[in-house]
Amino acid sequence: MAPRTVLAGARVVLPTGVVDDGRVIVDGTRIAGSAPSSARTLDLSGHWLVPGFVDLHNHGGGGASFTSGTVEEVLQGVHTHRLHGTTTLVASTVTGDMDGLAQRAGLLSELAEQGDIAGIHFEGPFISPCRKGAHSEELLRDPDPAEVRKLIDAARGRASMVTLATELPGGIDSVRLLAEHGVIAAIGHTDATYEQTVEAIDAGATVATHLFNAMPALGHRTPGPIAALLEDERITVELINDGTHLHPASLQLAFHHAGADRVAFITDAMDAAGFGDGRYRLGPLEVEVSEGVARLVEGGSIAGSTLTLDRAFQRAVTVDRLPVEHIVAALSANPARLLGLYDRVGSLEPGKDADLVVLDAEFTLKGVMRKGTWVVDPQLG
């Protein structure tokens with residue numbers, strides 16, 4: 001990159017709306033407010049320019065696992081998702097024994113300190129055996145605040161989120177502990193009632209882990225957690241928009257009731273994302289990926305996804321017919337705010353990191369920039 005480069009001619013999605021024939025100025029690693037006449041110009045006419053994507057919930061990709069891989073393998077997975085537009089990523093674990101999770105937290109915290117990942121999300125072991133999904137039941141445990149604190153401490157200040165079945169013994173106290181330490185308490189893999197969910201939100205929970213999945217269905221007499229999570233303005237709802245985890249009507253329901261400012265698209269990706277079909281492991285469990293759908297070999301439960309966020313974007317436009325501004329909010333601004341990173345990422349504004357994605361008129365990814373460097377160069381096709 002030249003010292004300053006003007007990306008010109010694209011339809012640029014800004015917090016204030018879509019600007020036709022817009023321009024974004026890149027100065028080193030940041031977005032700048034102005035450029036000298038000598039600045040290099042890259043013509044992106046006929047394209048969209050949107051902020052880099054922010055993934056709150058991701059277990060791996062490119063054949064590599066965040067839950068068990070080496071440092072090099074984790075970086076391989078991170079790079080795979082960057083190739084698909086995710087410039088900020090939180091690495092998620094799965095249920096394991098406490099010592100193993102603490103050790104994993106130590107490795108991931110080093111990568112967070114280096115800026116390779118944005119933080120650590122602990123999904124399990126504090127979840128309901130009734131809604132365990134692709135988690136090993138024998139390793140599940142109640143959310144004892146002392147054990148929750150052990151994982152937070154092992155993450156050395158890099159714990160971003162913990163998913164809990166807050167109705168279990170110790171659940172509410174654990175939510176309060178997480179809130180006190182600035183860690184997101186997420187309600188998920190839960191068998192909670194409506195009333196129990198409201199209690200957890202009042203205690204400080206702020207996220208619904210992959211809403212609709214791994215929780216009781218919405219009922220007219222027993223509304224369960226879904227109604228409580230959709231109606232409360234304090235909650236951001238995660239959605240996996242891969243065509244497998246959610247019917248389009250469920251996604252529309254979430255956007256209608258939560259509003260575009262409270263939705264975060266996630267991948268919940270596992271190793272096969274960006275890699276292909278085959279046999280994999282998710283924690284201690286074996287997974288078969290066929291035609292892009294990951295399921296446990298034993299029992300057949302959906303086991304994460306093979307989704308990348310560029311595909312979630314394209315589906316949101318072409319299948320769900322959502323406004324582009326709402327999709328950008330769900331992929332970038334909303335998760336960035338939730339993570340406390342909106343001053344640096346999540347929108348194309350001067351002073352922020354030059355993290356951006358170039359899409360063609362059909363919303364196919366053509367370019368990815370992270371901190372001013374092309375990960376995928378749109379000029380190279």
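Closest approach of Gly62 to Thr80, counting heavy atoms only: CA-OG1, 3.2 Å. When all heavy atoms of Ala269 and Ala273 are compared, the pair lying nearest together is CB-CB, 3.8 Å. Across all their heavy atoms, Leu348 and Val50 have their closest contact at CD1-C, 3.8 Å. Across all non-hydrogen atoms, the minimal contact from Val289 to Ala294 is CG2-CB, 3.8 Å. Residues Leu239 and Ala254 approach most closely at CD1-CB, 3.8 Å, considering heavy atoms. Ala105 and Phe122 get closest at one heavy-atom pair: CB-CZ, 3.7 Å.
Shown here is Arg23, whose CZ atom has no more than 12 heavy atoms of other residues, nucleotides or ligands within 6.0 Å. Crowding of Glu298 atom CD: a count of heavy atoms from other residues, nucleotides or ligands under 6.0 Å not exceeding 12. Annotation: Gln103, atom CD; neighbour count of heavy atoms from other residues, nucleotides and ligands within 6.0 Å does not exceed 12. Within 6.0 Å of CD in Glu291 there are 12 or fewer heavy atoms belonging to other residues, nucleotides or ligands.
Between the CD1 atom of Ile184 and the CG atom of Leu56 there is a distance of 6.5 Å, given to the nearest 0.5 Å. Separating the OG1 atom in Thr5 from the CH2 atom in Trp374 is a distance of 9.0 Å, to the nearest 0.5 Å. How far CD of Glu180 is from CZ of Arg149: 9.5 Å, rounded to the nearest 0.5 Å. Distance CZ/Phe275 to OG1/Thr306: 13.0 Å, rounded to 0.5 Å. Here CG of Leu139 is found 11.5 Å from CE of Met98. Values are rounded to the nearest 0.5 Å. Atom OG1 of Thr236 is separated from atom CD of Glu238 by 9.0 Å, given to the nearest 0.5 angstrom.
Remark: the backbone N or O of Asp153 is not paired with any side-chain donor or acceptor of Arg156 at under 3.5 angstrom. Asn334 contributes a side-chain N or O that, together with a main-chain N or O of Ala260, makes up a donor-acceptor pair within less than 3.5 Å. The backbone N or O of Arg82 sits nowhere less than 3.5 Å from a side-chain atom of Thr86 that would complete a donor-acceptor pair. Checking side-chain atoms of His247 against main-chain N and O of Ala249 turns up a donor-acceptor pair under 3.5 Å. No donor-acceptor pair under 3.5 Å is formed between the side chain of Thr222 and the backbone N or O of Gly224. Between the side chain of Arg262 and the backbone N or O of Ala258 there is at least one donor-acceptor pair closer than 3.5 Å. Using modelled atom types, no side-chain atom of Gln114 and backbone atom of Leu111 make a donor-acceptor pair closer than 3.5 Å. Under a 3.5 Å cut-off, the side chain of Ser305 and the backbone N or O of Thr267 do form a donor-acceptor pair. No donor-acceptor pair under 3.5 Å is formed between the side chain of Thr197 and the backbone N or O of Ala228. Looking only at distances, a side-chain donor or acceptor of Arg104 sits under 3.5 Å from a matching main-chain atom of Gly69.
Cluster annotation: Leu341 and Met161 are assigned to the same hydrophobic cluster (Ile/Leu/Val/Met/Phe/Trp/Tyr, side-chain heavy-atom contacts under 4.5 Å, transitive). Cluster annotation: Leu211 and Val162 are assigned to distinct hydrophobic clusters (Ile/Leu/Val/Met/Phe/Trp/Tyr, side-chain heavy-atom contacts under 4.5 Å, transitive). Placement of Leu178 and Ile201 in two distinct hydrophobic clusters is found when ILVMFWY residues are connected by side-chain heavy-atom separations under 4.5 Å, directly or transitively. In the hydrophobic cluster analysis, where Ile, Leu, Val, Met, Phe, Trp and Tyr join through side-chain heavy atoms closer than 4.5 angstrom, Leu331 is grouped together with Leu246. By the rule that hydrophobic residues join a cluster once side-chain heavy atoms approach within less than 4.5 Å of another member, Ile152 and Val90 end up as members of separate clusters.
Every residue was checked against the side-chain hydrogen bond (donor to acceptor under 3.5 Å, both in side chains) condition with Thr244, not counting sequence neighbours, and none meets it.
Within the structure, salt bridge (Lys or Arg N to Asp or Glu O under 4.0 Å) pairs that include any residue of residues 183-203 comprise Arg131-Asp191, Asp202-Arg234 (at least two apart or interchain).
The closest side-chain donor-acceptor pair between Asp310 and His84 falls under 3.5 angstrom. With hydrogens and angles left out, the side-chain atoms of Glu288 and Ser290 include no donor and acceptor closer than 3.5 Å. For the residue pair Thr209 and Thr163, a side-chain donor N or O sits within less than 3.5 Å of a side-chain acceptor on the partner. No side-chain donor from either of Glu362 and Thr364 sits under 3.5 Å from a side-chain acceptor of the other. Using a 3.5 Å distance cut-off with no hydrogens or angles, the side chains of Glu231 and His257 do not pair a donor with an acceptor. No side-chain donor-acceptor contact under 3.5 Å links Asn58 and Asp268. With no hydrogens or angles considered, a side-chain donor-acceptor pair links Thr190 and Glu167 at under 3.5 Å.
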> Step by step, would you call Gln379 with Leu42 a side-chain contact (heavy atoms from CB on, under 4.5 Å)?
Replying inline: CA-CA 9 Å; Gln379 299 175 92; Leu42 177 60; 3.5 Å; yes

>> As a quick check of understanding, evaluate salt bridge (charged side-chain N to carboxylate O under 4.0 Å, His left out) for Asp353 and Arg30, giving each step before the final call.
In response: CA-CA 4 Å; Asp353 290 348; Arg30 299 294 181 99; 3.2 Å; yes

> Run the salt bridge (charged side-chain N to carboxylate O under 4.0 Å, His left out) check on Glu147 and Lys150 step by step: do they pass?
Replying inline: CA-CA 5 Å; Glu147 293 196 323; Lys150 178 181 178 180; over 6 Å; no

> For Lys352 and Val345, what are the C-alpha separation, side-chain angles and deciding distance, and is it a side-chain contact (heavy atoms from CB on, under 4.5 Å)?
Replying inline: CA-CA 6 Å; Lys352 293 193 176 184; Val345 299; over 6 Å; no

> Taking it one step at a time, do Val13 and Leu49 satisfy side-chain contact (heavy atoms from CB on, under 4.5 Å)?
Replying inline: CA-CA 6 Å; Val13 182; Leu49 199 56; over 6 Å; no

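A salt bridge between Arg370 and Asp355 is absent, with no side-chain N of the basic residue lying under 4.0 Å from a carboxylate O of the acidic one.
Of the residues Thr166, Leu164, Asp142, the one that meets the side chain to side chain contact (heavy atoms under 4.5 Å, CB included) test with Ser174 is Leu164.
Under the 4.5 Å side-chain criterion, counting only non-hydrogen atoms from C-beta, Arg315 is in contact with Asp320. A heavy-atom distance below 4.5 Å is found between the side chains of Lys366 and His47. Considering only heavy atoms from C-beta on, His79 comes within 4.5 Å of Val375 through its side chain. Under the 4.5 Å side-chain criterion, counting only non-hydrogen atoms from C-beta, Asp173 is not in contact with Leu177. Contact check for Phe313 versus Val324: side-chain heavy atoms found under the 4.5 Å cut-off. Counting only heavy atoms from C-beta outward, the side chains of Ser160 and Val183 never approach each other to under 4.5 Å. Residues Val175 and Ile187 form no side-chain contact, since every pair of their non-hydrogen atoms from C-beta on lies 4.5 Å or further apart. Side-chain contact between Pro15 and Tyr342 is present, with at least one heavy-atom pair separated by less than 4.5 Å.
By the 30° and 60° cut-offs, the orientation of the rings of His121 relative to His59 is tilted. Under the 30°/60° scheme for interplanar angles, the aromatic rings of His189 and His210 are found to stand perpendicular.
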